[in-house]
Amino acid sequence: MAFCICAQTESARLGHTGCLIRGHSMSRQVVTRFAPSPTGMLHIGGVRTALFCWLFARKHGGRFILRIEDTDLSRSTDDNIRIIEEGMAWCGLDWDEGPIVGDPGQWKGPHGPYRQMQRMDLYKAKIQELLDKGLAYRCRCSRETLDERRKAVEAAGKVFQYNRGLDAGRGCADANHDASESAAIRFRMPTGGDIVVADLIKGETRFPADSLDDWIIARTGEGPGEIGVPTYNFCVVVDDTHMEVTHVIRGDDHLNNTPKQIPLFAAFGYDLPAFAHVPMILGADGAKLSKRHGATSITEYQAMGLLPSAVRLALARLSWTPKIDGKAVETAEEELLTDEQMIQLFDLADCQKSAARFDMDKLQWLNQKLIQRASWQELEPHLRSFMPAEWTVKPDAWKAQAIHATQKGKSLTDMAEALRFAFERPATFDEKAAEKFMTPAVKPALREVAALADYNHDRLEADFNAILERHSLKTKDLAQALRVALCGKPVSPGIFDTLILVGREEVVARLERWL
RNA sequence: GGGGCUAUCGUCUAGGGGUCAGGACACCGCCCUUUCACGGCGGUAACACGGGUUCAAAUCCCGUUAGCCCUACCA
């Protein structure tokens with residue numbers, strides 16, 4: 001059987017689509033896709049893959065597709081699809097084609113629908129085409145006989161391969177079954193030689209064709225003549241070509257699936273897309289990232305008070321080293337890339353081949369740095385979900401002061417917590433601190449603070465120092481006493497910021513009980 | 001078992017024949033300081049192992065080991 005092993009060209013290695021894809025146009029628009037299966041929450045590893053697809057498409061002025069692979073009927077749910085859509089949206093990974101959030105019946109883009117279960121007619125037609133060409137065949141072997149044969153081969157210490165090796169001659173390949181009985185459909189795989197995958201990240205890898213077998217492309221149908229639900233490896237090939245995907249960027253757990261898919265592209269007469277298999281993300285202990293490691297779902301990261309921009313950067317920096325003029329980023333300053341810089345710098349050639357462990361410390365550092373750089377306006381939409389509704393909005397001057405005072409926090413939750421004193425009177429007081437700082441000597445000074453009228457920062461500082469002078473107190477004495485009175489604890493932003501954020505009227509009210 | 005991928009400080013990584021093996025995060029120390037932080041400065045710390053090739057190997061080759069993936073009518 002003839003099929004094209006099609007090693008990709010140097011231009012593919014460089015990420016150019018050139019004449020690689022389907023030959024027609026020399027400069028085809030780049031198209032990438034993220035194709036999650038809605039069988040659970042949106043995993044952080046999936047988000048990273050999606051991010052690479054998104055970055056690549058954006059860099060090359062191409063399109064990014066979101067496609068839902070819901071052919072696993074038993075595990076896919078509409079709820080999970082919603083979770084994926086919302087997670088992607090929160091993360092800022094907008095798709096040009098795909099489902100419309102919250103509306104299962106609608107989609108955008110010319111290649112819809114973007115849920116595989118809604119594309120059955122296409123798949124069935126393509127399977128029939130393969131059947132007609134003799135490139136696929138009906139297999140009536142039951143699960144039971146398959147299990148028996150598998151056991152027999154494994155007992156002999158060999159690998160079970162359908163109709164291959166010890167199982168050769170026992171398959172349905174030459175049986176010419178008609179459609180009178182229900183059957184699964186198998187794809188006729190080539191034998192002999194290597195199937196090569198020219199991967200943009202992993203390089204060229206070869207798989208002996210004889211290590212593969214005739215795999216099932218469609219499950220057993222409901223009744224005679226019915227073609228059942230096609231399997232993943234089949235749907236991907238059909239969809240990727242029909243959606244004109246030029247660059248298949250996916251997790252490297254799919255690298256082994258690629259040699260199964262390549263002969264299928266050939267059987268359909270399709271040219272190959274470029275492949276890039278990105279390494280996995282591992283937990284801190286080097287094991288596969290699971291619930292045991294803490295947060296795996298993107299929604300958990302959102303709940304932790306992380307900025308989507310920080311999550312994007314942290315995820316991108318796992319397995320990717322941005323290079324500026326051929327030199328890897330060196331300083332902390334250079335690490336803090338904006339989305340625009342990431343898009344500009346992104347290159348699959350600068351991606352690592354090996355798996356990376358998830359680094360929560362780095363994520364938090366990035367988050368802190370990004371918070372420091374943001375304006376209140378940029379932060380407010382994210383911050384709001386961490387602030388109780390009763391915390392009413394204050395004037396712009398207050399916002400400026402607030403951001404100046406609390407921006408040292410590592411997370412949005414830290415910031416919201418650091419702002420609590422500005423909205424709520426302390427319910428309790430730190431006894432030890434009160435005892436230590438609320439000395440008789442400090443009270444007269446406190447009384448003078450209560451009398452201050454001008455809450456301009458510099459003026460406040462000057463008046464404050466004058467009070468210290470009059471009472472022979474150290475800054476610390478008065479500042480800590482004030483913190484206890486205003487915040488209930490000896491920790492708060494700079495004391496003048498604290499005063500301003502609470503506001504004169506409220507300062508006086510909170511001071512009253514101590515005078 | 002078969003096939004495939006991977007291997008540099010604790011973590012993310014740069015470096016791809018000759019480097020004191022570089023950076024970032026974390027950690028430790030010092031400084032700053034009105035609290036907590038922020039910030040500044042400095043420090044500890046790595047080429048998985050064994051064989052080759054070579055004047056010279058982290059770098060090239062071959063093994064070994066370890067981890068991961070595929071080997072489903074899952075995706």
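Every chain is numbered from 1, with letters handed out A, B, ... down the list of sequences.
Distance from the side chain of A/W365 is smallest to B/A24 among B/C73, B/A37, B/A24. Listed candidates were B/C5, B/C25, B/C74. Nearest to the side chain of A/T231 is B/C74. If you check B/A26, B/U6, B/C5 against the side chain of A/K353, the one that comes closest is B/U6. Closest to the side chain of A/D253, out of B/U13, B/U35, B/C69, is B/C69. Across B/C73, B/A75, B/C36, the shortest atom-to-atom separation from the side chain of A/R186 is found for B/C73. Considering only the side chain of A/E69, B/A75 comes nearest among B/A75, B/A14, B/G39. With B/G39, B/G4, B/C38 as the candidates, the nucleotide lying closest to the side chain of A/P208 is B/G4. For A/T71, whose side chain is taken as the heavy atoms from C-beta onward, the closest listed nucleotide among B/A75, B/C25, B/C5 is B/A75. When distances are taken from the side chain of A/D72 to each of B/U34, B/C25, B/C74, the shortest belongs to B/C74. Between B/C38, B/G2, B/A7, one nucleotide has an atom nearer to the side chain of A/V159 than all others, and that is B/G2.
For B/A72, there is no paired nucleotide, since no Watson-Crick or G-U wobble pair has both relevant distances below 3.5 Å. Pair assignment for B/C20 gives none, since no Watson-Crick or G-U wobble pairing has each distance under 3.5 Å. B/U53 is unpaired under the criterion used here, namely a Watson-Crick or G-U wobble arrangement in which both key atom distances are under 3.5 Å. When Watson-Crick and G-U wobble pairs are counted only if both distances are under 3.5 Å, B/C25 pairs with B/G10. Under the Watson-Crick or G-U wobble criterion, with both distances below 3.5 Å, B/U59 is left unpaired in every strand shown. In a base pair of the Watson-Crick type (N1 to N3 plus N6-O4 or O6-N4) or a G-U wobble (N1-O2 and O6-N3), with each distance short of 3.5 Å, B/A48 is matched with B/U64. In this structure B/C32 sits in no base pair that meets the Watson-Crick or G-U test at under 3.5 Å.
Rounded to whole Å, atom C1' of B/C12 lies 6 Å from atom CG of A/D359. Put simply, CG on A/D199 is 10 Å from C1' on B/C5, counting in whole angstrom units. If you take CZ of A/R75 and P of B/C74, they are 10 Å apart, rounded to a whole angstrom. Taking atom CZ on A/F234 and atom P on B/C74, their separation rounds to 15 Å, with Å as the unit. When rounded to the nearest whole Å, the span between CG of A/D213 and C1' of B/G3 equals 12 Å. At whole-Å resolution of the value, NZ in A/K436 and C1' in B/C36 are 13 Å apart. One atom, CH2 of A/W320, and another, P of B/A24, lie 18 Å apart when rounded to the nearest Å. For A/L315 and B/C25, the CG to P distance is 19 Å, given to the nearest whole Å.
Both A/F496 and A/R206 sit near RNA chain B, but only A/R206 has its closest nucleotide nearer the 5' end. If you find the closest nucleotide of RNA chain B to A/A479 and to A/R143, the one lying nearer the 5' end belongs to A/A479.
Using a 4.0 Å cut-off, no side-chain N or O of A/K369 falls inside it from OP1 or OP2 of B/C25. The shortest distance between the side-chain N/O atoms of A/S492 and the OP1/OP2 oxygens of B/U35 is not below 4.0 Å. Residue A/S319 has a polar side-chain atom (N or O) positioned under 4.0 Å from OP1 or OP2 of B/U13. OP1 or OP2 of B/C74 has at least one side-chain nitrogen or oxygen of A/R219 nearer than 4.0 Å. When the side-chain nitrogen and oxygen atoms of A/Q116 are compared with OP1 and OP2 of B/A75, none of them lie within a distance under 4.0 Å. Residue A/K260 places no side-chain N or O under 4.0 Å from the OP1 or OP2 atom of B/A75.
By the 30° and 60° cut-offs, the orientation of the rings of A/Y137 relative to A/Y162 is parallel.
Across all strands, A/K410 comes closer than 4.0 Å only to sugar-phosphate atoms, never to a base (heavy-atom distances). Backbone-only contact: A/R150 has heavy atoms under 4.0 Å from sugar-phosphate atoms and none from a base. Counting non-hydrogen atoms under 4.0 angstrom, A/K323 reaches the backbone sugars and phosphates but no base. The residue A/K288 sits close only to the backbone: its heavy atoms come under 4.0 Å of sugar-phosphate atoms, none of a base. Residue A/Q368 is in sugar-phosphate contact alone, with no base atom involved, counting any heavy-atom pair closer than 4.0 Å across all strands shown. At the heavy-atom level, A/Q352 lies under 4.0 Å from the strands shown only through sugar-phosphate atoms.
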Pairs under 3.5 angstrom only: tabulate donor-acceptor contacts from the side chains of residues 252-263 of chain A to other protein residues two or more places apart or in another chain.
from, atom 1, to, atom 2, distance (Å)
A/D252, OD2, A/K202, NZ, 2.9
A/H254, ND1, A/Y232, OH, 3.1
A/H254, ND1, A/N257, OD1, 3.2
A/T258, OG1, A/R250, NH1, 3.2
A/T258, OG1, A/H254, O, 3.1
A/T258, OG1, A/L255, O, 3.2
A/T258, OG1, A/H277, NE2, 3.2
A/Q261, OE1, A/N233, ND2, 2.7
A/Q261, OE1, A/R250, NH2, 3.3

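Annotated as syn: B/C38, whose O4'-C1'-N torsion sits within 90° of 0.
A distance-only check finds no donor-acceptor pair linking the side chain of A/T145 to the backbone of A/C141 [under 3.5 Å]. Although no hydrogens or angles enter the test, the distance criterion places no donor-acceptor pair under 3.5 Å between the side chain of A/S182 and the main chain of A/P224.
Residue A/R357 places no side-chain atom within donor-acceptor reach of the base of B/U11, judged by atom type and a 3.5 Å distance cut-off alone. Contact of A/R317 with B/U13 (side chain to base): no donor-acceptor pair of N or O atoms is detected under 3.5 Å. Judged by distance alone with a 3.5 Å cut-off, a donor-acceptor contact links the side chain of A/N256 to the base of B/C69. Judged by distance alone, with hydrogens and angles left aside, A/T220 brings a side-chain donor or acceptor within reach of the base of B/C73, the pair sitting under 3.5 Å.
Distance check: A/T338 OG1 to A/R312 CZ gives 10.0 Å after rounding to the nearest 0.5 Å.
For A/H293, the NE2 atom sits in a packed shell: over 12 heavy atoms of surrounding residues, nucleotides or ligands are nearer than 6.0 Å. Around atom CD of A/Q372, more than 12 heavy atoms belonging to other residues, nucleotides or ligands sit under 6.0 Å away.
Across B/U64 and B/A56, the matching C1' atoms stand 25 Å from one another, rounded to whole Å.
Under the 4.0 Å criterion applied to side-chain N and carboxylate O atoms, A/D78 and A/R115 are assigned as salt-bridge partners. By the 4.0 Å N-to-carboxylate-O rule, A/D213 lies too far from A/R186 to be salt-bridged with it.
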